[in-house]
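The chains referred to below are lettered A, B, ... by the order of the sequence lines, with proteins before strands, and numbering in each begins at 1.
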There are 2 protein chains.
Amino acid sequence: MIQAIDRAAKVLQLLQGARHLGISELSAALDLPPSTVHGIVASLRTHGLVAKEPHGKRYMLGPALLKLSNVYLDTLDVRARAMRWTRELSRRTGLATRLGAELFDEVIIIEHNGRPDGSQQMPETGLSIPAHASAMGKVLLAYNPTLAAELMRKPLRSLTGDTITDAAVLTLQLAQVAERGLASEEQEAVLGESSLAAPVADRSGTVIAAVAVVLPSSEWPPEDNVLNVLRETARNISRELGATSWPPRVAEPEDDSDDPEVG
Amino acid sequence: MIQAIDRAAKVLQLLQGARHLGISELSAALDLPPSTVHGIVASLRTHGLVAKEPHGKRYMLGPALLKLSNVYLDTLDVRARAMRWTRELSRRTGLATRLGAELFDEVIIIEHNGRPDGSQQMPETGLSIPAHASAMGKVLLAYNPTLAAELMRKPLRSLTGDTITDAAVLTLQLAQVAERGLASEEQEAVLGESSLAAPVADRSGTVIAAVAVVLPSSEWPPEDNVLNVLRETARNISRELGATSWPPRVAEPEDDSDDPEVG
DNA sequence: GGTGGATATTCGACATTATCGAATGACATT
DNA sequence: AATGTCATTCGATAATGTCGAATATCCACC
């Protein structure tokens, strides 16, 4: 781990959390001298990863991140392949759909289709949700025991009254998810919103993403039809990626322990 | 400039261009030993800024960038304030609209509204266009001589047959843009697509963004009405940001020479 | 199915490199 | 107008990242 890069990344993370920070604030948060932080920020700035506030002296995230992120999305094979299927899923169920990938202890939405009812909806691509509070997250965790173990080393943060905060309960659910090839969540992340997710596997059988349908809790539980169409969608995407069987098998915990590969 | 951070940023840039690269390819591109590059990539990877291909040994951009970029967009005051105005602009003109910010020698689209005709259109947020080939870019350059000078130090890349590649011609246009408070571009970036842009200023009178309408070249030139509504939109956004006059004045070249602040 | 080549990865000594503290400069606030 | 806060610059020190050789791993070809 290269120290300077680690510190630079931490600066980005801090700005991600606080939006606007001055050198002294960063300096305090990182427990580093202001001059050191200044050097780091200046370096990030020359690459557009950080920008100075128009007239204040605080710093914020920079525009280069937007460009990088756009390329990131383009790079994702799953996303390109999944798009037509998630659109169809949305059409056939009348529900909003999501495609999510793992980002440490969160799920990040890499594709989103609003409900096809024409109502004005916020695009959700780029949002991230704590994995343990999300149906997609449960899917990703269920098929990746290493990740699940890592996640449960810290206490589970509560987002609503219904968020699972007990590791034992979560573990139990994950086992069921792996068995059924389907995860659900009722108002565990957002009040009034529930979801259902299924695993997407690639050629090697590794689960690399999750598809989900999102529905108002007032419409819970969903019809069997929704479950079937969701499953079918996950299987179709997986097949298009070269997976031979579905639902996939749970990966063996790797001896090579650190963070799992993402794609 | 901290060396390690500079190199890390270059790795991100390379991955932005090539999507998938192995250590040896990066090593060759950066002219650094593989072990050094490996260390850099490993550091970026622990922060999710870079990810390993699911089963290959090459690397790609990581999901953390998507999250950062989402926060970046949320951070932008201009964007939040401009949204209702650009939507109205789109509605009143029947055209696609964009809001753009400066990213070195490019303009990056930070907000996009498709044509309100209901046709299927690709979201453009996050796309970047060489500044000299874009109406928004011309606006940003016209009000920032330092940036314009910097940009013309390298030859201007041609994107279509109509792209301005002659610095003298561009300089002339920029002067006109600053005078009129309006820039235009006919198929200089994309064949069949032309656009018109106006400056957005903040409280201090600094031009921090540009609004644009995009129209098929077949509909060129636009009606006077479009020009007026565009101007009105730019003025309204600027006023909402606290600008007192519009169009803004051209900033004096700063003695403090390096890259201008972005917001 | 076995072998060879290429590529990624690990490790430790060295010297380059980033770090830090003090001094300066800019700003805002009283 | 003066004082405090904060960002920024600069140069010496030693901690840090860099590099090359050795090893492991993966692929492709035979």
- In chain order, what residues pass the salt bridge (charged side-chain N to carboxylate O under 4.0 Å, His left out) check against A:Arg81, with sequence neighbours excluded?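 Per chain and number, A:Arg81 pairs via salt bridge (charged side-chain N to carboxylate O under 4.0 Å, His left out) with A:Asp77.
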- Task: Could you list the residues that satisfy salt bridge (charged side-chain N to carboxylate O under 4.0 Å, His left out) with B:Glu150, not counting sequence neighbours?
- Result: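 B:Glu150: no salt bridge (charged side-chain N to carboxylate O under 4.0 Å, His left out) contacts found.
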With a 3.5 Å cut-off and no angle check, do the side chains of [X] and [Y] form a donor-acceptor pair?
| X | Y | value |
| --- | --- | --- |
| B:Trp85 | B:Glu240 | yes |
| A:His55 | B:Ser204 | yes |
| B:Glu111 | B:Thr125 | no |

What's touching nucleotides 9-14 of chain D from the protein side, N or O pairs under 3.5 Å?
none

Could you pull out every donor-acceptor pair under 3.5 Å between side chains of residues 1-22 of chain A and any protein atom, sequence neighbours left out?
| residue | atom | partner | partner atom | Å |
| --- | --- | --- | --- | --- |
| A:Asp6 | OD1 | B:His47 | NE2 | 2.5 |
| A:Asp6 | OD2 | A:Lys10 | NZ | 2.7 |
| A:His20 | ND1 | A:Glu53 | OE2 | 2.7 |

Residue-phosphate contact under 4.0 Å: [X] side-chain N/O, [N] OP1/OP2:
| X | N | value |
| --- | --- | --- |
| B:Gln3 | D:dT18 | yes |
| B:Lys52 | C:dT7 | no |
| A:Tyr59 | D:dT8 | yes |

- Note on the structure: The correct set of residues in residues 7-29 of chain A placing a heavy atom under 4.0 Å from DNA chain D is A:Gly22, A:Ile23, A:Ser24
Value rounded to 0.5 Å, distance of [atom1] in [X] from [atom2] in [Y]:
| X | Y | atom1 | atom2 | answer |
| --- | --- | --- | --- | --- |
| B:Leu127 | B:Ile129 | CG | CD1 | 7.0 Å |
| A:His38 | A:Ser24 | NE2 | OG | 12.0 Å |
| B:Glu102 | B:Leu151 | CD | CG | 10.0 Å |

- Message: Could you tell me how far C:dA13 sits from D:dA14 if I compare only their C1' atoms? Round to whole Å.
- Response: 16 Å
Atom [atom1] of [X] to atom [atom2] of [N]: distance rounded to whole Å?
| X | N | atom1 | atom2 | answer |
| --- | --- | --- | --- | --- |
| B:Leu32 | C:dT16 | CG | P | 16 Å |
| A:Ile5 | D:dT16 | CD1 | P | 15 Å |
| B:Leu30 | D:dT18 | CG | P | 11 Å |
| B:Met1 | C:dT19 | CE | P | 13 Å |
| B:Ile40 | C:dA8 | CD1 | P | 14 Å |
| A:Arg58 | D:dT5 | CZ | P | 18 Å |
| A:Asp6 | D:dT16 | CG | P | 12 Å |
| B:Glu53 | C:dT7 | CD | P | 15 Å |

For nucleotides 28-30 of chain C, which of its nitrogen or oxygen atoms have a protein nitrogen or oxygen under 3.5 Å away, and what is each distance?
none

- Query: Hey, mind stepping through A:Glu124 and A:Arg98 against salt bridge (Lys or Arg N to Asp or Glu O under 4.0 Å) and telling me if it holds?
  - Reply: CA-CA 8 Å; A:Glu124 293 175 346; A:Arg98 295 171 176 166; 2.7 Å; yes
- Message: Using the side-chain contact (heavy atoms from CB on, under 4.5 Å) definition, which of the options A:Leu99, A:Leu141, A:Val107, A:Val200 pairs with A:Met136?
- Response: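 Of the listed residues A:Leu99, A:Leu141, A:Val107, A:Val200, the side-chain contact (heavy atoms from CB on, under 4.5 Å) partner of A:Met136 is A:Val107.
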- So does A:Glu106 pair up with B:Lys67, basic N to acidic O under 4.0 Å?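 Salt bridge between A:Glu106 and B:Lys67, a charged N being under 4.0 Å from a carboxylate O: yes.
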